[in-house]
Structures are given as structure tokens and as C-alpha cells.
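Proteins come first, then strands; the chains are lettered A, B, ... in the order of their sequence lines, and each starts at number 1. Keep in mind that what you see is a predicted model, and the values were worked out from it rather than measured.
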Protein chains: 2
Amino acid sequence: MRARIEDVAEKAGVSMKTVSRVFNHEPNVREKTRLRVERAAQALNYRPNPSARSLAGNRSYLVSLVYDDPFAGSAYIMEIIVGMLQACESMRYSAMLRPLEFSSADHVASVENSIAQYRPDGLILVPPFADDAKLLHRLDELGARYATISAKSKDARVGTSLDERKAAGEVVDHLAALGHRRIAHVAGPAPHGGRVWRLSGYRDGLRRAGIAYDDSLVVDGGFSFEAGIAGAKQLLDLDDPPTAIFAANDDSACGVMHEAFERGLRIPQDLSVVGFDDTPTSRQVWPSLTTVRQPCREMGRIAAEQLLASIRDAGAGSLVRVPYELMVRQSTGPAPARTKRR
Amino acid sequence: MRARIEDVAEKAGVSMKTVSRVFNHEPNVREKTRLRVERAAQALNYRPNPSARSLAGNRSYLVSLVYDDPFAGSAYIMEIIVGMLQACESMRYSAMLRPLEFSSADHVASVENSIAQYRPDGLILVPPFADDAKLLHRLDELGARYATISAKSKDARVGTSLDERKAAGEVVDHLAALGHRRIAHVAGPAPHGGRVWRLSGYRDGLRRAGIAYDDSLVVDGGFSFEAGIAGAKQLLDLDDPPTAIFAANDDSACGVMHEAFERGLRIPQDLSVVGFDDTPTSRQVWPSLTTVRQPCREMGRIAAEQLLASIRDAGAGSLVRVPYELMVRQSTGPAPARTKRR
DNA sequence: CTGCGAATTGGCAGCGCTGTCAATTGCGAA
DNA sequence: TTCGCAATTGACAGCGCTGCCAATTCGCAG
């Protein structure tokens, strides 16, 4: 049978408690004792039983990632998971995935429910959960630890943030510098903070370029490929269509490109397209997509690290601002000579 | 404080053990008693403590998914995770992600290690782990339960399989029917069963079409975008280049398309391209990619279901063959008139 | 040497649940 | 009504670990 802490204690000639101290890196263990214990543990191939540890210590050593179920499978989430896993691994924590329905009647209840059932020591929230003030407030009330990954920082104390507004502004700067004047935006879905910030940045950019905001050049979209197609249809049907389209994320940007190609437009000669996120797909499409890189993997890792710090001692852990980067690739080019098309 | 089983027992006027029976759906509980317990539990908002349950029951209620670390983040894995999560959810199991290095010195040891540490009740293996006879043998030796997701079925008893060889054959049939005679293959990476099966299917297809196998039209690739580019370069540099390229998966197919476009080739007019997997990206590129759909999400779900069945009682659980589907999209078309290009 | 505070180590109850087995109850046949 | 067997329920000892606190040892000043 598998070795227990008692066996290790006996073999090392110490008490169980001392073995426990060694395995938990607690102070006040003599170096010599520690070595003896470690050797004994090694010899017996001892591994602490996680369930027993959790039960006795009243902690789960579990962190759950809460995200919107329909986005399960998105590259964004996947990268965050990878980063989170790295951090958990090194701290001997486990990660648990909690795809929940944000749109469901009461997402606050579903998060509470998830906590009650699995008892994670902490949560990592991504948009739209991370942007939901009511949820964060309730979690504070419950005394739950959590970290957020989001552009918004107002309500957050621990996690990562990225200045999406500034990034979106730079996208428009880039397009304006290429001579574009009719720059459209396929906005994100309503409940997402991402929508608001990216849209604000878009307007900032227009302002800086001295371009008047034109309501007809902003269409409601979503974060999906299909939403990009729909948005592009609407924009390219305009009497005076845009020469550049900034989509709220890479998936929808791919949709825009797809629709443009269907209409025989060339990218970037006839139409420039920009995305947001820098997903692997954005590199794989042709022409490769100009986009804003969010370091999702690092964001996942940092959020988890900060969360674990705040679990270790309350008050620790902070909101880490991570850098974005405008990745200029092949889908943007100089604005075409101004002629009414269509 | 949180309600314990004892509180529920007291409130319902039964013993702890009876409450336990109700929560574990054990037989021999009178309907009336069950209702009384359920009502009491509801009133107290009782949730069994997973750690205590695991400790006392000597089970972890945990399933771990073992996959190759470099493929973390691939759409294939992501979809499998989603499916696996669905199955676990409904059986009140937790899923744990174990990205391990397949190429590391001893992947068998790293899997053993992972088992010792986390004590999952079962494992789900995907290629290349699923195809590694030595690993499976060792797991059998250890009495570990596992399910495999793979094309290969020889060593597997529980999990899902898909006839990749037949599917790859159909790809070639499709291309041959379009008049292609010079059909190339960018093969998968060596340790993957996928490589072997897809390559065999490719040869089957050629045979059926009466096309002689030409060594120069098969290049070693990999499952990455970059591998696709490299493979395409090699093939398109040939004196008599292929008119169709069948890549081992969608990512590498995207690489092939990318390189083709860089050379000014039109798809599918000048070159037909086919992938394998039907990842979301394959729909998002332009032209959309003809590929073989693997129902990854269902595969993940089914594998988990079969695994859980075999955990419940040894002997249960089987190898479920899942269907593939050739998705003919826009990246394949009639072979161009035969002229030496370059 | 001796005494004393600090450093180190040990003892043990108990975390919340399930497995085992014993006790009790229910129910149809005699 | 009574008996016997099956169905139902209960009692209780752990599962393997950590928290709490007591015991022991150490190092060094007096």
C-alpha cells in the first residue's frame, strides 16, 4: 500500500507532525532533521494525500477559473488556462475549470453555487464575470478571494489589467497614419467590458486624428466569426463604405476578412482590417492579421500568482498592469485612393 | 458555519449514514426517508465536503486529461476538454488538466508521478500518449483506469477511436475525383499515431485512384503552422509540383495555404489544400478549408463517460468508434490543366 | 555549572465523510 | 397472529493529515 505520513515519520525517527512541517515548508525544523525526513520520504516514495491535507487543513488547494460557457474553446481562454496552470503547478495548487452561463438568470447565484460545491481557495474571473460589479461585491461579502483578468480596474484589487482603451486608440492611430479616414468599428457584445473600452479607445483615436465620429460606422457585433461577417455585410453595404475596419477581436476580424473576400475585395489594398487579441489564428490567416497582442498566457499566470499570494496572506496580491503590443502585419495598408465604391 | 452531514441527519431525524446513502444514490432507502433527507439538506443548503468524501471513500472523484504540453492551447485539446467537462459535470466528477512533456526523458515516469501525486480515479489519454504501448502496459500493471482518444485501437479497451486511415483515404478519393493526379502529403510528426494512419490512408487513396506512390510528394511535417509552411516550400519548389496538398492537420494546412498565397498561387484554382480536424480556424480562413471533421467535443465527452463507467465497475466501458465527416469547402477544386509550373 | 528564553519536536484530537457490520423494521406466507 | 427473510437504518471506527498546545532540547549569559 501507499506510504502514509506515519510511515515516513517512523522511518525517519520523528513524529508525524515534523514530517508535516517539512512538507509544508514550515519554519523551525533543524536542517539535519529536514534532510532525514526528506530521505525517508524519498525512500518510501511518499506523497501527501491531498484529500486528507485539505480536510485537516480546511483548505482545498484549488483555484477555479470562471468563464463564460459559450467562450469555452476560445483561444483566449485556452491561453489563460495554460498560464494559470503554470502558476498553480509551481505552488502545488490545482486548477479547476468552471464554465458557467453568464447570461443565465442569475450568474451570481451560479458562482456562489460553484463555490459552495467545490470550495476553491480562490477564483480567477475573466470578462464578463470580471466586469460585473454585483458579483465582485457579493464575493467580497462572502469573504471569497478572487483575482480578475480584465481591462477595467475600478472594482478590482487583485489580478491583471490591460489598457484596452489605449490599445484601441493606437489601432486607430495606426490606421489614420496610413491615410484612412473612414474607419469603422465592429463592436463587442454588450455585457463585456471589452466592448466599452475598445469602443472608447476607437473614439479617442478618431478624435486625435481629427475625424468626426460617424454613428453609421459602428455596428453592434460580438466576439464571433459570424458576428464579424454580419458586421462587415452591414458596413460594406454602406453607400460610402469604410476603407478600414477595426473589429473587436480576432475572431470577428476573420469574419470581416471573409466577407470582404467574398465580395472580391483585396486586403489590404481595398480594405484594411484589424483585430484584437493576437490569437494563433490571426497569424495563420492570409494575409496575416494586424492586431493587438494581449499576453493572455502571462495574464493567466500573473493572475494566479497574485491570487495565490492573496490567499497566503490577506492584503497581499495586487493588480498588475500588463503591456499590450500593436502587431502590425499584412492586413493593413495605405488607404485606397478615395472613390465611392460599390 | 457550513452545514455538515451530521446537521442534516439531525434535522431529518435519521443517521448520518442514511444521509450519505441519499447523496450517493445508494439503493435501499425508502422514498419517504429520501424526501425527508433531501428537504433537510435543502433547508440547510448542505453540500458534501469533497475532501472528506474522498478521504473516507478512498476515491478522488477526479479524472485527469494527459496531453502533450506543447499542444496545450491547440483547438483540438480545447474541444476535448470541453466535452470531458460536460461528462464530468453530470457525474459530479472533477476534471484535471495534466500537460506533460511527451518528449521528456521518461514520459511513463512522469505519468506515474502525476498519478501518485493527484490520485485521479482515472486518466484520459490523447495522442501521442494514447498511442504509446509501453505507457498503456504500465498503467495496466498499476491497475490504473484509463480511456484513450485515438485512431489506433489495438491496445485500447476503453475510449474512442476514429478511422483516420479511412478518412485520409476519402480525402484522396475526393481530390482524385476532382482530377488531381499529383497529390502531395505533408505528414504528421513521427511519434504520433496520427502520422501513420493518415499516411496509410493517403496511400490507400492513391492506390484506388491508380496513382503511383511518389516518394518526393510526401514530406515530413508536423502539426504546426510552421511545419505546413516548410512542407509547402519543399513541395512547391519541386520541378513538377503537386496540384493538391493534403496536410496532416488544419494548422499545417493553414501553413500550406499561407505559403501558396505568398507565391501568388490561387486556391483552389492553382492548388487544392485539405486539412484534418475541422478546427474553428479551418472555417475562418479564406478560402475556407476542406478538411475532415473529428467530433472532438463528443470524443472528449464519450471518452470521459466510458472512463467513468469503467471506474464504477471494472469491465464496463468500451471503445466507441466515432464518425468522421469529410467537410468539402472552398479550398479544393478541379485540377488545373496540366502544365509544368514553377 | 546553572538557569532561562528560544528553538525544536511531539502528542493527539478532530476535520466530515464512508465502509463494515449489526440492529431494526416491514411484509408476505404459514 | 407469528415467523423468516429481505429491506432499511444505525453505530462507529477510521481515512491521513494538520492545528493547537505541551514537552523537550538547545544555546548562551551569568
Side-chain angles (χ1 to χ4, degrees), chain A residues 1-38 40-41 44-62 92-94 116-119 121 311-313, chain B residues 1-38 40-41 44-62 92-94 116-119 121 311-313:
Chain A
M1 193 43 203
R2 202 156 262 162
R4 296 157 306 152
I5 196 171
E6 202 179 341
D7 305 324
V8 178
E10 193 184 351
K11 177 143 189 147
V14 297
S15 72
M16 274 166 34
K17 182 65 227 193
T18 298
V19 178
S20 167
R21 284 194 183 92
V22 171
F23 270 82
N24 292 291
H25 303 102
E26 287 177 28
N28 297 334
V29 176
R30 203 168 306 172
E31 182 64 13
K32 223 176 61 184
T33 314
R34 200 169 58 69
L35 277 174
R36 200 138 42 88
V37 169
E38 277 168 359
L44 296 170
N45 191 28
Y46 168 72
R47 303 308 179 82
N49 180 316
S51 308
R53 203 159 92 111
S54 299
L55 180 58
N58 195 32
R59 290 187 287 165
S60 60
Y61 298 94
L62 238 182
R92 314 197 58 225
Y93 261 71
S94 294
Q117 182 159 354
Y118 297 103
R119 298 166 203 227
D121 291 340
I311 288 170
R312 202 175 318 106
D313 59 308
Chain B
M1 193 45 200
R2 204 155 262 163
R4 296 157 306 153
I5 198 171
E6 203 179 343
D7 304 324
V8 178
E10 193 184 351
K11 176 142 190 147
V14 297
S15 71
M16 276 165 32
K17 183 66 224 192
T18 299
V19 177
S20 166
R21 284 193 183 94
V22 171
F23 269 81
N24 292 290
H25 302 104
E26 287 176 28
N28 298 334
V29 176
R30 204 166 305 170
E31 182 64 13
K32 224 175 60 183
T33 314
R34 200 169 57 68
L35 277 175
R36 200 138 41 88
V37 169
E38 277 169 359
L44 296 171
N45 192 26
Y46 167 72
R47 302 310 178 81
N49 180 315
S51 308
R53 201 158 91 110
S54 298
L55 180 57
N58 194 32
R59 290 186 288 164
S60 59
Y61 298 95
L62 238 182
R92 314 196 58 225
Y93 261 70
S94 295
Q117 182 159 355
Y118 297 103
R119 299 167 201 227
D121 291 339
I311 289 170
R312 201 175 320 108
D313 58 309

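Contacts between residues 15-24 of chain B and DNA chain D, counted as heavy-atom distances below 4.0 Å, involve B:Ser15, B:Lys17, B:Thr18, B:Arg21.
Between B:Asn49 and C:dG16, a side-chain N or O to OP1/OP2 separation shorter than 4.0 Å is absent. A:Thr33 has a side-chain polar atom (N or O) that falls below the 4.0 Å cut-off from OP1 or OP2 of C:dT9. Between A:Tyr46 and D:dC17 there is a side-chain N or O to OP1 or OP2 distance below 4.0 Å.
As a whole-Å value, the separation of B:Glu10 CD from C:dG16 P is 15 Å. The separation between B:Arg30 atom CZ and D:dT8 atom C1' is 6 Å, rounded to whole Å. Look at CZ on B:Arg119: it is 14 Å from P on D:dC15, rounded to the nearest Å. Straight-line distance from the CD1 atom of A:Ile5 to the C1' atom of D:dT18: 8 Å, rounded to whole Å. Atom CG in B:Asp7 sits roughly 10 Å away from atom C1' in C:dG16 (whole-Å rounding). Atom P of nucleotide D:dA7 and atom NZ of B:Lys32 are separated by 19 Å, given to the nearest angstrom. Between the CG atom of B:Asn58 and the C1' atom of C:dC17 there is a distance of 13 Å, rounded to whole Å. Rounded to whole Å, the distance from CD on B:Glu31 to C1' on D:dT9 is 16 Å.
Between B:Arg119 and A:Asn49, some side-chain heavy-atom pair lies under the 4.5 Å cut-off. Residues A:Arg53 and A:Asn24 have side chains in contact (heavy-atom distance under 4.5 Å, counting atoms from C-beta outward). Considering only heavy atoms from C-beta on, A:Tyr93 comes within 4.5 Å of A:Ile311 through its side chain. Within the 4.5 Å cutoff, side-chain heavy atoms of B:Arg92 are placed close to those of A:Gln117. Under the 4.5 Å side-chain criterion, counting only non-hydrogen atoms from C-beta, A:Thr33 is in contact with A:Arg36. For the pair B:Arg2 and B:Arg47, the minimum side-chain heavy-atom distance is 4.5 Å or more.
For B:Arg4, counting side-chain heavy atoms from C-beta on, the closest listed nucleotide (C:dC17, D:dT18, D:dT8) is C:dC17. Comparing D:dG16, D:dC15, C:dT9 by their nearest atom to the side chain of B:Ala56 picks out D:dC15. Closest approach to the A:Val14 side chain among D:dT18, D:dG16, C:dG10 is made by C:dG10 (side chain taken as heavy atoms from C-beta onward).
Under 3.5 Å, the side chains of B:Ser54 and B:Ser51 contain no donor-acceptor pair of N or O atoms.
Contacts of A:Pro27 with the nucleic acid, taken as non-hydrogen atoms under 4.0 Å apart, are absent.
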